[in-house]
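Data block below; observations after.
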Amino acid sequence: MKAAAPPVGELPGCPPGTLFEGRRALSEAGVHRPLQAGIAGTALGGAVSVVLSGGYEDDQDSGHQILYTGEGGRDPRTGAQTAHQLLTRGNLALARSHLLGQPVRVVRRVAGATYRYDGLFLVTACWHEVGRSGYRIWRFLLESEAALESEGTTAATAAPERHATTRLRRLSRHGAQVKAWHDHTCQLCGLRLLTPAGPYAEAAHIRPLGQPHGGPDTPENLLCLCPNCHVQFDLGGVGVAPDLTLLGRPGALRQARAHHVDPAQLAYHRTHIYSEEPGPMA
DNA sequence: GGGCCCGCAGGG
DNA sequence: CCCTGCGGGCCC
């Protein structure tokens, strides 16, 4: 008999705002089981809850948006980063939540040993960067589900489009042009996906638009991709080397005469989105 | 199923 | 500030 998967989402009798005295109480209520770790969950099932206790200087918390730093690689005595953070344990769990579009319970330490359950958040971005220490750290953007919903129902919102997954994808003004240059052929795998209404392709930003990445909406920052390659590219399973050969699979980036791809954006994707780590089910 | 390793505690 | 801690995921 396998242990029951930890419950995801809202817990009955525990609405946002519920207070807990100490980690023990949090644990016994099932809101956040571990007594010390900040991330709860499994490598396959994803993260189910996180605790923000202000331990990371780099974390930013603006209420509905939280920039969360992954775990590991720190000296337990000094807290200094002394090794790369790996996509394992809690970091992998959060990356799985991103992939699965699975909500994460967020708990904040509000004073002393008092913790407050603050509702469900989605992992809307997942990337890595090299910090001042010279070591790689993983970062996760958590956004309040409630805030995302009200954003979606606000008629005034412009370009952002959220699909079934939590990947934030925005429409490009130059998408049609880039697709035309490539005749709707995927630049990664060469597929030209046919439908009765015509060939289908997607315009994929190399360096994602908007925070935290801040990529430009220009043709030089776009690729013409099939839906499968688009997903894998956005989630870091495939990258493009400086010589335009592919990373993570055989092949090379297909080019069109009129379409200049900015090497700097490909470099950004390599150093922040693409990851060589094979993942739990490779 | 058992040990091992780990962490945004908590108190002294 | 330092050290003991405890449950849980995960690998053997």
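The model shown is predicted, which means the values in this text are computed figures rather than measured ones. To find a chain, count down the sequence lines: A is the first, B the second, and so on, and within it residues start at 1.
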Query - Distance, rounded to the nearest Å, where A:Arg33 contributes CZ and B:dG7 contributes C1' - result: 17 Å
Report task. Let me know the distance between CG of A:Leu92 and P of C:dG8, rounded to the nearest Å. Result -> 20 Å
Report task. Using whole Å, report how far CZ of A:Arg89 lies from P of B:dG7. Result -> 7 Å
Query raised in the report: Using a cut-off of 4.0 Å on non-hydrogen atoms, how would the nucleic acid contact of A:Ala43 be classed: base, sugar-phosphate, or nothing?
Result: sugar-phosphate
Query raised in the report: Over how many whole Å does the gap from A:Leu35 atom CG to C:dG8 atom P extend?
Result: 7 Å
Query raised in the report: Got a salt bridge between A:Asp262 and A:Arg207, using NZ or NE/NH1/NH2 to carboxylate O under 4.0 Å?
Result: no
Query - Nearest-nucleotide pick for A:Arg23, side chain only, options being B:dG7, C:dG7, B:dA9 - result: B:dA9
Report summary line: Closest to the 5' end of DNA chain B, once A:Gly72 and A:Gly22 are matched to their nearest nucleotides, is A:Gly72
Report summary line: Against the side chain of A:Ala113, the closest entry in B:dG10, C:dC10, B:dG7 is B:dG10
**Report entry** Any side-chain donor near an acceptor of the partner, A:Glu276 and A:Tyr274, under 3.5 Å
**Finding:** no
Query raised in the report: When rounded to the nearest 0.5 angstrom, what is the spacing between CZ in A:Arg139 and OG1 in A:Thr69?
Result: 3.5 Å
**Report entry** d(CG, A:Leu86; C1', C:dG9) in whole Å
**Finding:** 16 Å
Requested in this report: Could you tell me the separation between the CG atom of A:Asp75 and the C1' atom of C:dC3, rounded to a whole number of Å?
Outcome: 14 Å
Report summary line: When rounded to whole Å, the CD to C1' distance for the pair A:Glu28 and B:dA9 reads 15 Å
Report task. Determine the contact category for A:Tyr115: base if any of its heavy atoms lies under 4.0 Å from a base atom, sugar-phosphate if only primed atoms, P, OP1 or OP2 are that close, otherwise nothing. Result -> sugar-phosphate
**Report entry** d(CG, A:Leu26; C1', C:dG8) in whole Å
**Finding:** 16 Å
Report task. Give a yes or no on whether the ring-centroid distance for A:His213 and A:His272 is below 6.0 angstrom. Result -> no
